[in-house]
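Worth knowing before you read on, the calculation uses all heavy atoms, side chains too, and leaves out hydrogens, waters and symmetry mates.
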Amino acid sequence: MHPSPIVLLSPAIACALGDGRESVREALFSGRSPGMRYSDTYSPGRTLMLGHADTPLPSLESLDDLPRAQRSRNNALLLATFAQIESVFRERARSIPAHRIAVILGTSTSGIGESEAAVRVFHQTQRLPEEFHYSQQELGSPARMLAERLGCTGPTYSVSTACTSSAKALVSGARLLRAGLADLVIAGGVDTLTRFTVAGFASLEAISEAPCLPFSANRCGINIGEAAALFLMRRQTGEDEHAVTLAGWGETSDGYHISAPDPEGTGATNAILEAMTRAGCSVDDVGYINLHGTATHHNDAMESRVVSRLFPHCPVSSTKPLTGHTLGAAGALEAVLTWLTLTDSAHRLPPHLWDGIQDPDNPSLVLVAPESRAATSVRAALSLSFAFGGSNTALLLKRT
């Protein structure tokens, strides 16, 4: 018997494009991102283009109903974003036992921002501030906090595999549903801006001060951003006749280098092919691809080779110039943007923003021009995520 499709219900999203599905939808297809702006808040003395989520957040002091160990800006953004779908969750969860509801989230920063602030205080006073708790920075904090707040007692954990983290969280949720270990899953990711991540990528000389230029000959690095993106996931039922499903996924790990991808993209290729095989899709079925597209030399070179070889005629774009690279949240964020593409009644496609200067060393791609539309509605789309250590994840979303 063929397993039931996994439905992606009611995404919640907060990022540089905006707050909520509809505001993000309009900003995405217009190619205008209000949260992409210059700042030196996270890089004192150096102004950088960063992707800010301008979602109003509860103050840490107002989160007095949370244990001190769970009070962080990261968790505040998670809560503010989850509020977009909380009523839908409550309705869906009403008839499901708490132990059958799972919470799986991807993150790479968690509450490290609170640790940064505490260390600065320590250097000045030789004492850590009273409001600081070491567990604020634990990677499991977001999933644990949300599950405890909602009373969910099913499988609860965080995934932290750098830039594939939240894509793998969605895969993990699908596997729990397929295995019969959960009936409803909250899955996605959250990462917030911190000095730690900005300084880390700067030390790798992978930061662009200006807007990033994926696949351009002039590309020189990433713009870091912040985001939260969440889905409710469940097995398909009769009421999900026109739903978007996570029809296929592929995961590989080539372990080529600690930070650089395999130039030939063997692992990336295998992840894509695995996703398509699991979904029962051919190359011609895929109407759009959301690229990882970081605007770093090595990643873009590898990805252009892989995608041009497998999908020479498919429209593609990187949305990172509109959101920044949101690290552990990127996979889920771009899955939501792909979901918005599949459900757009006007058949609009996310534009690829760059300077139009092709790198002669890389094969060309069918990059989506601003205000482009597909001839017919896109029925299947890929979202690609690649990470340090050779972690590769491909998600294939499909409209039923």
Side-chain angles (χ1 to χ4, degrees), residues 6 8 11-13 74 78 102-110 138-144 146-147 154-179 181-182 185-191 197 227-234 245-256 258-259 261-262 265 267-279 289-294 299 303 320 325-339 381-397:
I6 303 302
L8 298 173
I13 183 171
N74 212 59
L78 173 60
V103 181
I104 317 296
L105 299 177
T107 189
S108 64
T109 63
S110 191
E138 289 183 355
L139 294 170
S141 176
R144 184 183 302 118
L146 189 58
T156 299
Y157 54 90
S158 293
V159 178
S160 189
T161 52
C163 308
T164 58
S165 299
S166 54
K168 292 172 77 68
L170 294 177
V171 173
S172 295
R175 287 201 174 105
L176 289 173
L177 291 164
R178 285 275 176 91
L181 298 174
V185 179
I186 303 169
V190 57
D191 258 346
T197 47
L230 303 166
F231 282 103
L232 300 181
M233 305 174 66
R234 71 174 185 182
T245 65
L246 179 54
W249 59 85
E251 299 175 285
T252 61
S253 182
D254 45 54
Y256 173 81
I258 192 170
S259 60
D262 171 9
T269 298
N270 290 340
I272 294 169
L273 294 177
E274 181 184 334
M276 294 177 63
T277 298
R278 182 172 270 116
I289 301 173
N290 187 290
L291 303 171
H292 190 57
T294 59
N299 180 88
E303 191 170 17
K320 286 183 172 65
H325 189 344
T326 61
L327 308 180
L333 169 64
E334 289 160 18
V336 172
L337 301 184
T338 303
W339 188 97
L382 276 166
S383 181
L384 306 181
S385 299
F386 309 119
F388 285 173
S391 177
N392 310 296
T393 304
L395 306 177
L396 198 150
L397 278 62

If you round to the nearest 0.5 Å, how far is CD of Glu251 from OG of Ser385? 10.5 Å
Where Asp254 and Gly267 come nearest, the two heavy atoms and their spacing: OD2-CA, 3.6 Å
So does Leu8 get a backbone contact from the side chain of Trp339, meaning a donor-acceptor N/O pair under 3.5 Å? yes
Where do Thr252 and Ala271 come nearest, in terms of heavy atoms and distance? CG2-N, 3.7 Å
With sequence neighbours excluded, residues passing side-chain hydrogen bond (donor to acceptor under 3.5 Å, both in side chains) with Asn270: none
Measure the shortest side-chain to side-chain distance between Arg178 and Leu176 over non-hydrogen atoms and say whether it is less than 4.5 angstrom. no
Pairwise distance CD(Glu334) to NZ(Lys320) - rounded to 0.5 angstrom: 3.5 Å
To the nearest 0.5 Å, what is the distance between CG (Leu395) and CG (Leu246)? 6.0 Å
If you round to the nearest 0.5 Å, how far is NZ of Lys168 from CZ of Arg175? 7.0 Å
Who are the side-chain hydrogen bond (donor to acceptor under 3.5 Å, both in side chains) partners of Thr161, not counting sequence neighbours? Thr164
Taking the side chain as C-beta and beyond, is there a heavy-atom pair between Trp249 and Thr393 under 4.5 Å? no
Donor-acceptor contact below 3.5 Å, side chain Ser110 vs main chain Ser141: no
Which heavy-atom pair separates Ala275 from Leu382 by the least distance, and what is that distance? CB-CD2, 4.5 Å
Would you check if Leu78 and Thr107 make a side-chain contact, meaning some heavy-atom pair closer than 4.5 Å? no
Could you check whether Asp191 and Thr109, counting side-chain N and O atoms only, form a donor-acceptor pair closer than 3.5 Å? yes
Okay, side chain of Glu303, backbone of Gly293: is any donor-acceptor separation there less than 3.5 Å? yes
So, for Ala162 and Phe388, which heavy atoms are closest and what is the spacing to 0.1 Å? CB-N, 4.3 Å
Atom OG in Ser165, atom CG in Leu170: separation rounded to 0.5 Å? 11.5 Å
For a side chain to side chain contact (heavy atoms under 4.5 Å, CB included) check, start with the C-alpha distance between Ile104 and Ile186, then their side-chain angles and the critical distance, and finish with the verdict. CA-CA 6 Å; Ile104 317 296; Ile186 303 169; over 6 Å; no
Please name all residues satisfying side-chain hydrogen bond (donor to acceptor under 3.5 Å, both in side chains) with Thr156, sequence neighbours left out, ordered by chain then number. none
Strictly distance-based, threshold 3.5 Å: is any side-chain N or O of Ser166 a donor or acceptor partner for the main-chain N or O of Gly188? no
How far apart are the closest heavy atoms of Gly331 and Ser383, and which atoms are they? O-OG, 4.4 Å
Going from OG1 on Thr294 to CG on Asn299, what distance comes out if it is rounded to the nearest 0.5 angstrom? 3.5 Å
Residue pair Leu105, Leu230: steps toward the side chain to side chain contact (heavy atoms under 4.5 Å, CB included) verdict: CA-CA 8 Å; Leu105 299 177; Leu230 303 166; 3.6 Å; yes
Of all heavy-atom pairs linking Ala279 and Leu396, the shortest is CB-CD2, 4.0 Å
